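Worksheet: the structure to be examined is printed underneath.
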Amino acid sequence: MRKVTVAAEPAPIAIDLARTAFVIIDMQRDFLEPGGFGETLGNDVSLLQAAVIPCRRVLSAARAIGIMVVHTREGHKPDLSDAPPAKLERGNPSLRIGAPGPMGRILVRGEPGHDIIRALYPVDGEVVIDKPGKGAFYATGLDEMLRGGGIDTLLVAGVTTEVCVNTTVREANDRGYRCLVLADCCASYFPAFHDAGLAMIKAQGGIFGWVAGSDALLAALDS
Ligand code: C5J
């Protein structure tokens, strides 16, 4: 596979496509659809739709080229043994994690709400990482799987920008991965947090990574 250079901030980034994975964070019904975890917290879930079409474009390109694709899902075992009380008790949601909702039990593995949205549904051969936390490296086999595949660069997309995307990028950065976050492939319930989340990644010479629009990546892949 080729090497390409993507026009990114704070500087262009050269990536070896054979050593790159496209990581799509938590594009689950629980976050994007009414009746799920995101809505129980009082959020307007329609705001996350903006990321779907850009993500799909990049996913199609990654599949066509043969770039490794990784999907993550935040959620807990049915007995909630992997959900710390501090998470279960947090805030004042309309339904707590584990409670029955219109898409099954909130944020529980195997329930309809925990599933990935149709538009971005994994196909055979793609990796699906189930994670109990916000970061995709905490209590998962993601690091070993990426290292085993020779991956050194992550193209990162998903929701929400300032929570699971940022946490994962920070975890990845500390483990030595280069992260290129695709701005329009991420979204937040809080547009200001989306902007700030991206700004924090690329500030200070790219202290956590690089940021680019999906058009810049697709143009580089086409070149
Ligand atoms: C949140 C996530 N926001 N996937 N999870 O609780 O960002």
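For this chain, numbers begin at 1 and follow the sequence in order. Treat the numbers as computed from the prediction; the structure is a model and nothing was measured. Order of listing sets the numbers, starting from 1, for every ligand and every atom in it.
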Taking atom 6 (O) of ligand 1 as the reference point, the nearest protein heavy atom with its distance: K134 NZ, 2.8 Å
Heavy-atom side-chain contact between Q28 and D115 under 4.5 Å: no
Within-cut-off N or O pair, V159 and ligand 1, under 3.5 Å: yes
Heavy-atom side-chain proximity of N166 to I201 below 4.5 angstrom: yes
I25 contact mode with ligand 1 (heavy-atom cut-off under 4.0 Å): neither
Residue portion contacting ligand 1 (non-hydrogen atoms closer than 4.0 Å) for T160: both
Distance from atom 5 (N) of ligand 1 to nearest protein heavy atom, with residue and atom: E74 OE1, 2.9 Å
Nearest neighbour in protein (non-hydrogen) for atom 2 (C) of ligand 1: C164 SG, 2.7 Å
Proximal ligand 1 atoms for D26, defined as those under 4.0 Å from one of its heavy atoms: 2 (C), 4 (N)
Enumerated ligand 1 atoms positioned under 4.0 Å from heavy atoms of F37: 6 (O)
Side chain to side chain donor-acceptor pair (under 3.5 Å) between R178 and T153, worked out: CA-CA 5 Å; R178 304 183 318 149; T153 301; 3.2 Å; yes
Geometric class of the F31/F37 ring pair [parallel <30°, tilted 30-60°, perpendicular >60°]: perpendicular
Point-to-point distance, once rounded to the nearest 0.5 Å, from CD1 of I106 to CZ of R96: 12.0 Å
E162 and T160, any side-chain heavy atoms less than 4.5 Å apart: yes
Sub-4.0 Å heavy-atom contact, Y189 with ligand 1: no
Between H76 and D82: side-chain donor-acceptor atoms closer than 3.5 Å: yes
